[in-house]
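Taking it in order: structure first as structure tokens, then the write-up.
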Amino acid sequence: MFAHSAGCGRYAPSPSGDLHIGNLRTAVLAWLFARSTARRFVLRVEDLDRQRARDPQSQIDDLRSLGLDWDGPISVQSEHLDRFDDALADLQRRGLVYECFCTRREIAEAVRAPHGIPGQYPGTCRHLSDAERARRRRERPPALRLRTGTAAETVHDLLHGHFTGAVDDLVLRRADGAYAYNFAVVVDDAWSGVDQVVRGDDLLASAPRQAVLARMLGWRPPEYAHVPLVVGAAGHRLAKRDGAVTLRQLEAAGHPTTAVLGWIARSLGSAVDVDDAADSPEHAPEPPVGLLRRMLETFDPTALPLEPWTFATLAAQ
Ligand code: GLU
């Protein structure tokens, strides 16, 4: 199942602030999956949402301090908009794109209608006449949607097996002109030769639509591994409000990076012997890169727990 290949894995954070231990655990997993299968590994900064994008440097520093490495220069989405322009033009030439003038409210109302499916775009603007489109264009700028020919798709996930999910006419470019996540991720993964996508399982439901889009652009969808999220004490998805969750905060609370990586190793069911003394001031801790190498040597994806990791319990140990 985990045969060697010459492909490529990736980690693709959105630069919206410091990474927390849940993000870092996913990054470590993406690296372990890629390197244990002889893949290249690339780092991509997903900064197309200009309102939320911050300086990615602290994220990059944190990934380095864990011992992660990557091949080639860091890819920054906002620096290569031409590849999204080209892929969009290709779909447009083939009649697979249409303008959508719906507001969020209109979509919410439409899905509440008797045949509406929550979370699914009901196709309201799919069949507008040219005259209607011209009229609506004078009122507001349109988003661009994919004319998808299928309602559901099955993908293969290394952890979840076959997963079937709904596919709707997803947004390619938002009304404000920014390329949408689902589109950019597919184009960039294909451009970088990514054939293995490891990320949080909150994105599992997006995989079927991304696979459909990849095929429509003539690309083979990658293999997926959607890994469990890290949750806080109350069982909700870990967030900054859960206290010390970033490397900087944990360090300030007396937990050096090697100790944090040791917690991550244990949470992955890793067979490495984690140095329990790493927290102690008299003991010079093993550098994270050494521990990470040992984690790689013994990495066993089948030992990976499939339930969320509750961080607060381990932090309190
Ligand atoms: N940039 C996305 C995030 O930080 C991840 C996208 C992906 O891995 O496909 O949630």
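Just so you know, ligand 1 is whichever comes first in the structure, and atom 1 is the first atom listed for that ligand.
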Test item: Thr26 and Val227 side chains (from C-beta on) under 4.5 Å apart, heavy atoms: yes
Winner among Pro13, Pro15, Ser14 once heavy atoms are compared against atom 3 (C) of ligand 1: Ser14
Nearest non-hydrogen protein atom, atom 5 (C) of ligand 1: Ala12 O, 3.4 Å
Arg147, CZ atom: more than 12 neighbouring heavy atoms under 6.0 Å: yes
For Glu46, the ligand 1 atoms whose distance to one of its heavy atoms is below 4.0 Å: 1 (N), 2 (C), 5 (C), 6 (C)
Atom indices of ligand 1, in the order listed, that fall short of 4.0 Å to a heavy atom of Arg199: 7 (C), 8 (O), 9 (O)
Tyr11 touching ligand 1 at heavy-atom level, < 4.0 angstrom: no
Heavy-atom check, side chain of Trp263 versus side chain of Arg25, under 4.5 Å: no
For Tyr181, atoms of ligand 1 separated by under 4.0 Å from a heavy atom: 6 (C), 7 (C), 9 (O)
Backbone of Leu247 reached by a side-chain donor or acceptor of Glu251 within 3.5 Å: no
N or O pair under 3.5 Å between Val185 and ligand 1: no
Face-on cation placement of Arg137 at Phe101 ring, 6.0 Å and 45° thresholds: no
Contact with ligand 1 for Arg10, non-hydrogen, under 4.0 angstrom: yes
Side-chain ion pair, Arg215 and Glu153, N-O less than 4.0 Å: yes
